[in-house]
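No hydrogens, no waters, no symmetry mates; every other heavy atom, side chains included, goes into these values.
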Amino acid sequence: QVQLVESGGGLVQAGGSLRLSCVASGRTFSMNGMGWFRQAPGKEREFVAAISRNGLRIVYADSVKGRFTVSRSNTKNTVYLQMNSLKPQDTAVYYCAARSSVLVATAPTDYDYWGQGTQVTVSS
């Protein structure tokens, strides 16, 4: 089992920045690809960003490309999501996810473990 705990969410004005962190514990050797997803009220969970185990393969949703940056520290078992130029439409609960495959993936069903989520609210 892998446990994931997100932190760093909060309330920020439009144009501001936040940095989310996700710390993994448990059987972290089985944690390869990592992803960030978000879910706004009344909407389906959507892909935000994904990073491979070695950090060489990164994928972003078009809606966040150029504004968000995903990174990881395998020595700290932590993945980060730096969010800049935030917009009100970025408001959502942000989830960290881990998968056993070495490949990156963009579908929620491709991930095996999920955190509880952290709320991000962007005011206009």
Check: side-chain contact (heavy atoms from CB on, under 4.5 Å) with R72: which of T78, V79, N77, N54?
Finding: V79

Checklist line | Sidechain-backbone polar pair: N32 side chain, S100 backbone, donor-acceptor under 3.5 Å | finding: yes

Check: Is a donor on one side and an acceptor on the other found under 3.5 Å between the side chain of E6 and the backbone of Q116?
Finding: yes

Notebook entry, point to check: Which class fits the ring pair F68 and Y94: parallel under 30°, tilted 30 to 60°, perpendicular over 60°?
Noted result: tilted

Notebook entry, point to check: Hey, what do you get for CD1 (I58) to OG (S52), rounding to the nearest 0.5 Å?
Noted result: 7.0 Å

Next item on the list: Under the side-chain contact (heavy atoms from CB on, under 4.5 Å) rule, collect the residues that match up with D62, sequence neighbours excluded.
Entry: K65

Notebook entry, point to check: Can you find a pair of side-chain heavy atoms, one from L4 and one from M34, that are under 4.5 Å apart?
Noted result: yes

Margin query: Any side-chain to backbone donor/acceptor pair from N74 onto R53? Under 3.5 Å, distance only.
Written below: yes

Check: What's in the same ILVMFWY side-chain cluster as L11, cut-off under 4.5 Å, chained through other members?
Finding: none

Notebook entry, point to check: Any donor-acceptor pair under 3.5 Å linking the side chain of R99 with the backbone of D110?
Noted result: yes

Check: Should L81 and V12 be regarded as members of a common hydrophobic cluster, given that ILVMFWY residues are connected when their side-chain heavy atoms come within less than 4.5 Å of each other, either directly or indirectly?
Finding: yes

Next item on the list: Flag yes if W36 and Y95 sit in one hydrophobic cluster, no otherwise; membership is Ile, Leu, Val, Met, Phe, Trp, Tyr, and two members link when side-chain heavy atoms are under 4.5 Å apart.
Entry: no

Notebook entry, point to check: Around Q3, counting heavy atoms of other residues, nucleotides and ligands shown, do more than 12 lie under 6.0 Å from its CD?
Noted result: yes

Item checked: Qualifying residues under salt bridge (charged side-chain N to carboxylate O under 4.0 Å, His left out), relative to R67, sequence neighbours excluded -> D90

Next item on the list: Indicate, with yes or no, if W114 and V93 share a hydrophobic cluster defined by side-chain heavy-atom contacts under 4.5 Å among Ile, Leu, Val, Met, Phe, Trp and Tyr.
Entry: yes

Acceptor/donor pairs from residues 117-124 side chains to any protein atom, 3.5 angstrom cut, sequence neighbours excluded:
{"from": "T118", "atom 1": "OG1", "to": "G9", "atom 2": "N", "distance (Å)": "3.2"}
{"from": "Q119", "atom 1": "NE2", "to": "A92", "atom 2": "O", "distance (Å)": "3.4"}
{"from": "Q119", "atom 1": "NE2", "to": "T121", "atom 2": "OG1", "distance (Å)": "3.3"}

Item checked: side-chain hydrogen bond (donor to acceptor under 3.5 Å, both in side chains) against T109, all qualifying residues, sequence neighbours excluded -> none

Next item on the list: Report the hydrophobic cluster partners of L56, with the cluster defined as I, L, V, M, F, W, Y residues connected by side-chain heavy atoms closer than 4.5 angstrom, directly or transitively.
Entry: none

Checklist line | Over all atoms of both residues, closest heavy-atom pair of V104 and V59 | finding: CG2-CG2, 3.8 Å

Side-chain donor-acceptor distances from residues 41-49 under 3.5 Å, at least two apart:
{"from": "R45", "atom 1": "NE", "to": "Q39", "atom 2": "OE1", "distance (Å)": "3.4"}
{"from": "R45", "atom 1": "NH2", "to": "Q39", "atom 2": "OE1", "distance (Å)": "3.4"}
{"from": "E46", "atom 1": "OE2", "to": "R38", "atom 2": "NE", "distance (Å)": "2.5"}
{"from": "E46", "atom 1": "OE2", "to": "R38", "atom 2": "NH2", "distance (Å)": "3.2"}

Note to self: Applying side-chain hydrogen bond (donor to acceptor under 3.5 Å, both in side chains) as the test, list every pair that has at least one member in residues 7-22; sequence neighbours left out.
What the structure shows: S17-N84

Checklist line | Set of ring-ring contact (aromatic ring centres under 6.0 Å, His included) partners for Y80, sequence neighbours left out | finding: none

Note to self: Can you pull out every disulfide (SG to SG under 2.5 Å) where at least one residue sits in residues 87-124? Sequence neighbours excluded, please.
What the structure shows: C22-C96

Item checked: Any residue meeting side-chain hydrogen bond (donor to acceptor under 3.5 Å, both in side chains) with S85, in chain and number order, not counting sequence neighbours -> none

Next item on the list: Hey, can you tell me if F37 and Y111 have their rings parallel, tilted or perpendicular (30° and 60° cut-offs)?
Entry: perpendicular

Next item on the list: With sequence neighbours excluded, tell me which residues meet ring-ring contact (aromatic ring centres under 6.0 Å, His included) with Y60.
Entry: none

Notebook entry, point to check: Does some side-chain heavy atom of L20 sit less than 4.5 Å from a side-chain heavy atom of M83?
Noted result: yes

